[in-house]
Amino acid sequence: MNLNTPITNLKGVGEKTAAILNRLHIYTYEDLINYFPREYMNYEPPISVADVKIGNTQTVSGCVSAVNGPIKAGRYSIITVVIKDGLNILEVLFFNQPYIKKTVKIGGYYLFRGKVIQKGTRLIMQSPKLYSRDEYQELLGHPVPVYALTSGLKGKTVTKAVNAAIRDIQWDDEIFPAGVLSELKLVSHSKAIGLMHNPGSDDDIQTARRRLAFEDFFYFIMLLRKNRDLSVTLKNAYPMIETADTRRFIEKLPFKLTSGQKKTWQQICEDMSGAGCMNRLVQGDVGSGKTIVAILALLMTACNGYQGALMAPTEVLATQHMETVTDLIKKYDIPLKPVLLVGSMKASEKKAAYASIASGDCNLIIGTHALIQDKVEYKNLALVVTDEQHRFGVRQREALAGKGNQPHILVMSATPIPRTLAIILYGDLHLSAIHELPADRLPIKNCVVKTDYRPSAYKFIADQVAAGRQAYVICSQVEAGENDDLENVIDYCEKLKDVLPKLKISYLHGKMKANEKNNIMQNFADGNIDVLVSTTVIEVGINVPNSTVMMVENAERFGLAQLHQLRGRVGRGKHQSYCIFISSNEEKKTMERLNILAGTNDGFKIASEDLRLRGPGEFFGVRQSGEFSFKVGDIYADSALLEETNEYVDKLLADDPKLTKDENQKIKNSVIKYYEKSEMLQSI
Ligand code: ADP
Ligand code: MG
């Protein structure tokens, strides 16, 4: 069997299972063995009823003294299994699982894993997992893979199929020379795959991850090198000169540009008036003032008689940019003629927008990815700015670039990456960095607190509103029912109105219609709403400098990088701002993790620390950066490996630029295979 063998060849994978696996995009042996665990579980030895701790998930073992029920309770039919340990009794409740009556025998020895709660004097475990002694024994002493599943698919089925595939495959030879593997401390590809699915210890997971992360980085960097070679040669198709308009505009602004903004602006001017096509990334933490720099570039483009486009990842943000620009035009009389193009516009509005874009009546086009649809024809698009690039795929960026005859490209990103890594990861882009925040900013004050702090927080919010400020409250879900443990926007908004009856409180979430969202956002920006209860839709880019409080419910549910972005929504003006992170999980580890945020404002440090505090099996599901999401590699956790990989590519290509040497043929072939795959993805 080889990697391309269809999964139906596996014993135990019939047509039905295959169809379910297909839904997860698993068709071949290769797809299957690359279906890595979502996380790993470490099972602890079982305890007896006497040692049970309230509130914890634990495995309790014991002899069954009674099996009662089923009794009907609403939609449920409940069977209660009673285990006794001397005087201690644990009641284990199974819901709508009639077969338990047959499987669990009185006097038999079983293990039950679940959360134990106390009701009066009774100890109760609800909906546990049930194991026999042998079954549980097999889970002990090593990390156990947990796979992401879909309806109809059991974890056991995946485990079995994966292991059968690993056994059956005739592995191709290792493509990297032995010397390279030992220098970079890498195990072979086949060994890494084996360990990934069957680790004997946490160290094994690390070993496997290292090898596979190396591959992620290696192919990605090789692709960047190819693109870099293609883009250095592009000529400047839209040469421009700096006009008096931009200079006058800068002079009239109510603030002085920071030195980072000035330097970045100068670099952009030089690029657009130089010999080559601009391909520049502006990196600056949230609130550093990237928008004004983008507007300067768009203004220069317009003053030279060309069109520029500004693309944002959400309609809310695009609409906000439109407002900002319209405001600036009113105040400073600059020759920008903007038009908005977003998906939710009426067909007639869109048609009018298309017409003014094609005729050149407007010279600034602001929108979402509606900007890159086939229907849009530009008259003379010379600059494309993408804001909050970490929400955009490279593919979308390129599609927009393809709309013109090689326009200048300016990318704005708040993804916090140190320069050394940015140089590697953005390979083909030139870098500008805005390190400092505007001088009038006061550092944000943070606190990480438990839910009993809420009354004080509400009072604080009321005081801030009385002083003329505004506040955000973030909930992790839209409405009740998805997960009852979590706060939801709709109910929370109602509750808050009861607590703070004098305040104007509204809510915002992603499931609302685009128009409604824009409306609410506009009202908040205009100061007509005091408190906005929202999901993370406001995470990206939103700028309402008058809001000074960011309160996040269930903060423990968010990645720290995401919380850092949310925090970036306040502290954007001259007023002192505050972040209140409410954690409903009081475990020390959780509080410690959240407290990292209070300790530093350095986005990269925050993301790295977040991962450091997680165990090796824990961070697979946590995507810190949507911009660079690899299968296994993580730019924060594996930053050292990323640099080592880059050095290796440098050496490899310095020694054999076209990979013609015999010893590099296997590498060359797999790189070509990777190029083909990524081109295929780009053309979809
Ligand atoms: P981000 O970099 O997160 O996109 P914005 O461009 O939205 O930040 O800027 C945040 C706020 O800071 C805006 O209200 C903007 O007008 C203001 N701002 C930008 N540059 C300066 C500056 N040099 N001094 C003071 N305020 C500034
Ligand atoms: Mg921004």
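Read the numbers this way: they start at 1 and go in the same order the structure lists the ligands and their atoms.
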*Quick check: does Ile292 get an N/O under 3.5 Å from an N/O on ligand 1?*
no
*Not counting sequence neighbours, which residues clear ring-ring contact (aromatic ring centres under 6.0 Å, His included) with His575? List them please.*
none
_With a 6.0 Å cut-off on the ring centroids, do Phe524 and Tyr472 count as close?_
yes
*Test side chain to side chain contact (heavy atoms under 4.5 Å, CB included) on Leu410 and Ile268 and set out the steps.*
CA-CA 8 Å; Leu410 185 62; Ile268 292 171; 3.9 Å; yes
*Would you mind listing every ring-ring contact (aromatic ring centres under 6.0 Å, His included) that reaches into residues 239-263, with sequence neighbours excluded?*
Phe249-Tyr332
*Have a look at Arg441, Lys574, Arg572 and point out the one with the heavy atom closest to atom 12 (O) of ligand 1.*
Arg441
_Can you tell me which residue among Glu553, Glu487, Gln477 is in a side chain to side chain donor-acceptor pair (under 3.5 Å) with Tyr492?_
Glu553
_Checking contacts here: is it the side chain or the backbone of Met412 that comes within 4.0 Å of ligand 1, counting heavy atoms only? Could be both or neither._
neither
*Report, in ascending order of atom number, the atoms of ligand 1 lying under 4.0 Å from any heavy atom of Thr291.*
4 (O), 5 (P), 6 (O), 7 (O)
*Heavy-atom contacts under 4.0 Å between Ile434 and ligand 1: side chain, backbone, both, or neither?*
neither
*asked:* Regarding ligand 1, does Gly287 bring an N or O atom to under 3.5 Å of one of the ligand's N or O atoms?
replied: yes
*Is it true that Ala414 lies under 4.0 Å from ligand 1, counting heavy atoms only?*
no
*Near Thr258, which atoms of ligand 1 are under 4.0 Å from a heavy atom of that residue?*
23 (N)
_Approximate separation, where rounding is to 0.5 Å, of Lys511 NZ and Ile490 CD1_ = 8.0 Å
